[in-house]
Amino acid sequence: MRTSNYLIATQKETPADAEVVSHQLMLRAGLIRKLAAGLYTWLPLGLRVLRKVERIVRQEMDRTGAQEVSMPVVQPAELWEESGRWEQYGPELLRIQDRHQRDFCLGPTHEEVITALVRDEIKSYKQLPVNLYQIQTKVRDEIRPRFGIMRSREFLMKDAYSFHVDQASLEETYQCMFDAYSAIFSRLDLEFRPVIADTGSIGGSGSHEFHVLAESGEDAIAFSDGSDYAANVEMAEALAPTEPRPAPGAQMQRVATPGVTSIDALAEFLSIEPRQSLKTLVVNGDEGGSLVALVLRGDHQLNNIKAEKLPGVAAPLQMADEGKVRSACGAGFGSLGPVGLAIPVYVDRAAAQLADFACGGNEDGWHLTGVNWDRDCPPGETADLREVVAGDPSPDGSGRLQIKRGIEVGHIFQLGTKYSAAMGAQVLDENGKNITVTMGCYGIGVSRIVAAAIEQNHDERGIAWPQAMAPFQLAIVPLNMQKSEAVAACAEELYGKLLDAGVDVLLDDRNERPGVKFADMELIGIPHRIVIGDRALAENNIEYKGRRDEDSQLVPRDDILDFLLSRLG
RNA sequence: CGGUGUGUAGCGCAGCCUGGUAGCGCACUUCCUUCGGGAGGAAGGGGUCGGAGGUUCAAAUCCUCUCACACCGACCA
């Protein structure tokens, strides 16, 4: 490709509304342009990157024996009503009507469509297992699109769905997908980790997320420093303290605390550490109007996922209305505590371990100090409620947890029969009896990978693509090409030979000054660059520089082709 | 959805407080010079100032409504 007739839409200035590096660089390097909130046009250069990622994903999926299909983006409401998700999915499901006022949605995912397909097409256990996938635009009307392509309302996703006669077959394919995902992210040269993930309302054991590690990641991941345990923090169990609870050492006292409604304020008021106090959160119960109290140590944070799985607690988790709390507990937020509380109480394991603690007095403006479980109030039911923190013991018993941030780029999931049962996807088994098929689903955020790769691979001059996803592998930068016949001839000759060798090469034949060309090629992130100029050419040399190299090196003109081909692999 | 903030040329911004017919840098077009790290000069093109309504002789500027976008929050006891 020649830059003279290629859309190089680079910008010197960073658009004001781009927050994270990948978003800024994607705009500056001319990979994408915003159309509306969370909606982006892919420019030629960006699309090349996207296609390269897509190609690797497709190759690895095909290698596992999965078969590619293509399903409609527009899906009829009836299918979603069958699965129950027309009601359940919420406003993220972008709903539309056709000219006959029939309801449709734009697919955020394709479980319904694929299950309907398999229900109609697959009748015998002999046809299973089967794994079908597509690489297609998904639509989710996100509450808050963010970070450019990272959380957008339209995005490119690889989604695969497997169908099985039993759990054992599902687990086999699941492992196969796990391995394929690892191969994909390795080929893309990304630093990633598979982590144990939440299975949501579906339950079951099998779900992993694949995270690319990056500071700007929206998810927190907990790792053990003593084993290969890794989990999304929302899933990481906070183990019960091993030491027994200390014996009570203080008397319970009622203390006036006017205006003190937060743990920090309480700790300061009483001159204690937050970890010596309790916070009491009230959430909606699963029966109309019921409330449940959740008690945590003052310095700990509630884990919503853990909380909403507790019996009696409404899912999704919802904080109770303050008015209802006041009438049920006698005080508003900020003055609540477990002593004398008339609603069901769950106590976090760490909170249950405290003695002589401070907590709200269930009376506005009053707290209690020197409180002890059993003696002063019933210990309620103990549960794991809190978010793990760095330094906690690893749930697998070896090592301590570290917390890092990650960008979720893949998710694999053992679905079981949630959709097949709801939609009646059955096959005949070897005894001629109908059985409901067991399903797995496997997603990769193809467009998100592009942003994640930039988060991991950039410097002050721009993007530094991993080789496998660079829009072009090599840039040829001829200097003063319009005047110097020697430079032009050499550049054209090399360009032709590299094209013949199958290299993705970009010839910068614009009539621009050298600085402009260098800056553009670096911003765009092309991994390899050669410069052809009269000066070096007079010595029969050509200059080479890798995108991450400090300095350039001279290579004899006769050797340059071999030199480059060996570098490019 | 709540809070905060921003909408003026493709991008980045000034002008608004104190109303008087719109400006700067980059980018773009033409010409000359320059040509190894985002060149210099000259001459140009491009904006109904997000939209609607109001006040006024006069509105980018003041008032009302509205739309869009961004960031923060939705973990608070």
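Chain A is the first sequence line, chain B the second, and so forth, proteins listed ahead of strands; every chain is numbered from 1.
- Residue contacts shown for A:Arg297 are absent, as no nucleic acid heavy atom lies under 4.0 Å away.
- Nucleic acid contact for A:Thr261: sugar-phosphate only, since backbone atoms but no base atoms lie under 4.0 Å from a heavy atom of the residue.
- For A:Arg28 against B:G10, a side-chain-to-base donor-acceptor contact under 3.5 Å is absent.
- Not one side-chain nitrogen or oxygen of A:Arg513 sits closer than 4.0 Å to the OP1 or OP2 atom of B:G38.
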Which pairs, protein N/O on one side and nucleotides 24-33 of chain B N/O on the other, fall under 3.5 Å?
residue	atom	partner	partner atom	Å
B:G25	N2	A:Glu13	OE1	2.8

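- Residue A:Val282 is classed as a base contact, given a heavy-atom separation below 4.0 Å to a base.
- With sequence neighbours left out, A:Asp459 forms a side chain to side chain donor-acceptor pair (under 3.5 Å) with A:Arg547.
- Within 4.0 Å (heavy atoms only), A:Ala16 reaches sugar-phosphate atoms of the nucleic acid but no base atom.
- Contact annotation for A:Lys483: base contact, defined as any heavy-atom pair under 4.0 Å involving a base atom.
- Nearest to the side-chain atoms of A:Val516 among the listed nucleotides B:G12, B:C71, B:A39 stands B:A39.
- Here the separation of B:U56 from B:C63, taken at their C1' atoms, is 12 Å to the nearest Å.
- Residue-to-nucleotide contacts include a donor-acceptor pair under 3.5 Å from the side chain of A:Glu543 to the base of B:G36.
- Residues of residues 340-367 of chain A that place a heavy atom closer than 4.0 Å to RNA chain B do not occur.
- Within the nucleic acid shown, A:Glu19 comes within 4.0 Å of sugar-phosphate atoms alone, with no base atom in reach, counting heavy atoms only.
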